[in-house]
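One structure below.
Numbering of ligands and ligand atoms starts at 1, following listing order.
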Amino acid sequence: MKVLVVGSGGREHAIVWKLSQSEKVSKIYCAPGNAGIGEIAENVNISAMDFDGLCHFAKTNAVDLTVVGMDDPLVGGIVDKFQAEGLKVFGPKANAAIIEGSKAFSKELMKKYNIPTAAYETFSNYEDALKYVEKSELPVVLKADGLALGKGVLICKTRDEAIEGLKTIMVDKKFGDSGNKVVIEEFLEGPEMSVLSFCDGNTIVPMVSAQDHKRAYDNDEGLNTGGMGTFSPSRVYTKEVADYCMENIYKPTVDALNKEGRTFKGIIFFGLMLTQKGMKVIEYNCRFGDPETQSVLPRLKTDLFDIFSACVEGTLDSIDVQWYDNVAACVVMASGGYPVEYKKGYEITGLDKAKELENTYVFHAGTALKDGKFVTNGGRVLGVTGTGKTLEEAIKTAYKAVEVIDFKDKHYRKDIGIKK
Ligand code: AMP
Ligand code: GLY
């Protein structure tokens, strides 16, 4: 089978790597891919948002299945386009991907179907939102409605911050049209975790849990990033918690989407927080997490191509999805200055040495090839994953590999997996 993966980050490298282990997969293309992906797949220079170009490529190259990794094309309707052209594709249609594309939509869905989440109000009118924020309890959480690269969430501790934050979103439009609507939420506290799940429209199969580290610096200091590291499983996601989530969050979400005529096939990513009042949904995403995927997929035993195919066919209940009984930790190596300003084009050394280490996986995110050498080409450059019997072992293995890799101004957190 020929597979086309759409995307270019560490998440897509992990997906391509796992698919490459399938005996059923004979050829993998990745659009647009990156230098690391290019070692195990054929990169195709078509943008993830060029739906016509991607469809044309899939047809002319007899691609059997296209797998979409990124949120933008999913929310923008890439799956609808592929299906209309008679092409097989893994991912939700736009009317289901809206669970990530609109926070106002997903909050309303959760409220309507009693899925536990933070109390909230939605506003399209700035004056009304301002009146609300002037009286709300503090801290208060402001969220731009649409996609904002994970940056459209402001946690405001003081009244001034809240008023200023609202202006930033709704008047200054710092996150563009995403700020036409704002969701204003109750502030919750507790450990956070990510649970990605396979879904075929009716059956939902959660993957092993993971925990992300979103802030740029150690001890959760600095700005929010796309994610500086993950480990899997989360410490607090016990069997009891998982059972509770299945009954009260996962199944109800799939059923709710069906009732609304928005059948979801693909990956539902549940961003969860274990508060004193129980588990709550912080957010939904319509795709694999990045860098969660880099610590979750190395733990998957089952053939990923079989799982994707079953989701597309609606036969996920016939697949026994199995996991290794181990732990994984992924440390992101970023360009100095990320997530604000950083330079690209620095040579990356030590990749071959890292590859030789046991239980180590180096996933490329922002890399390119220049004169036959790997160079940095983005904010997040690599995701280095180590596995082991215990979290301590996994962390040690990951950092051992991180230490043999070098590039100018590299930056990585030293406390991945250590934070409770
Ligand atoms: P989101 O993009 O919705 O995942 O939000 C980004 C981050 O903001 C989350 O991972 C949480 O750390 C934080 N956050 C979002 N909503 C809340 C909330 N209601 N209370 C406390 N923290 C929140
Ligand atoms: N790591 C968080 C995300 O993928 O949204």
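Ligand 1 places these atoms under 4.0 Å from at least one heavy atom of Phe187: 20 (N), 21 (C). Atoms of ligand 1 found under 4.0 Å from any heavy atom of Glu283 (numbered from 1 in listed order, with element): 1 (P), 2 (O), 3 (O), 4 (O). Residue-ligand proximity, Asn285 to ligand 2, at heavy-atom distances under 4.0 Å covers atoms 5 (O). The contact set between ligand 2 and Glu292, taken as ligand atoms under 4.0 Å from a residue heavy atom, comprises 1 (N), 2 (C), 4 (O). For ligand 2, the atoms sitting less than 4.0 Å from at least one non-hydrogen atom of Gly289 are 4 (O), numbered in the order shown with element in parentheses. Within ligand 2, counting atoms from 1 as listed, the ones closer than 4.0 Å to a heavy atom of Arg287 are 3 (C), 4 (O), 5 (O). Residue contact check: Gly226 has heavy atoms under 4.0 Å from atoms 1 (N) of ligand 2. The distance from ligand 2 to the heavy atoms of Asp212 drops below 4.0 Å at these ligand atoms: 1 (N), 2 (C).
Trp323 and Phe198 have parallel rings, their planes meeting at less than 30° on a 0 to 90° scale where 60° marks the start of perpendicular.
In this structure, the separation between OG1 on Thr360 and NZ on Lys400 is 7.5 Å, given to the nearest 0.5 Å.
Between Glu283 and ligand 2, not a single N/O pair is under 3.5 Å apart.
The closest non-hydrogen atom to atom 9 (C) of ligand 1, taken over Glu100, Glu192, Glu186, comes from Glu192.
Heavy-atom separations between Lys143 and ligand 1 include at least one value shorter than 4.0 Å. At least one heavy atom of Lys103 sits less than 4.0 Å from an atom of ligand 1. A heavy-atom separation below 4.0 Å is found between Phe269 and ligand 2.
Between Leu147 and Ser178 the shortest heavy-atom distance is O-OG, 2.6 Å. Closest approach of Ala329 to Ala398, counting heavy atoms only: O-CB, 3.7 Å. Contact between Ile98 and Arg262 at its shortest, heavy atoms only, is CG2-NH1, 3.6 Å.
Ring-centre distance between Phe270 and Tyr284: below the 6.0 Å cut-off. Taking the ring centroids of Phe123 and Tyr132, they lie under the 6.0 Å cut-off.
Each of Arg215, Arg413, Lys214 was checked for a side chain to side chain donor-acceptor pair (under 3.5 Å) with Asp220, and the lone residue meeting it is Arg413.
For Asp212, no heavy-atom contact with ligand 1 is shorter than 4.0 Å.
With a 6.0 Å cutoff to the six-membered ring centre and a 45° limit on the axis angle, Lys107 does not count as a cation-pi contact of Phe105.
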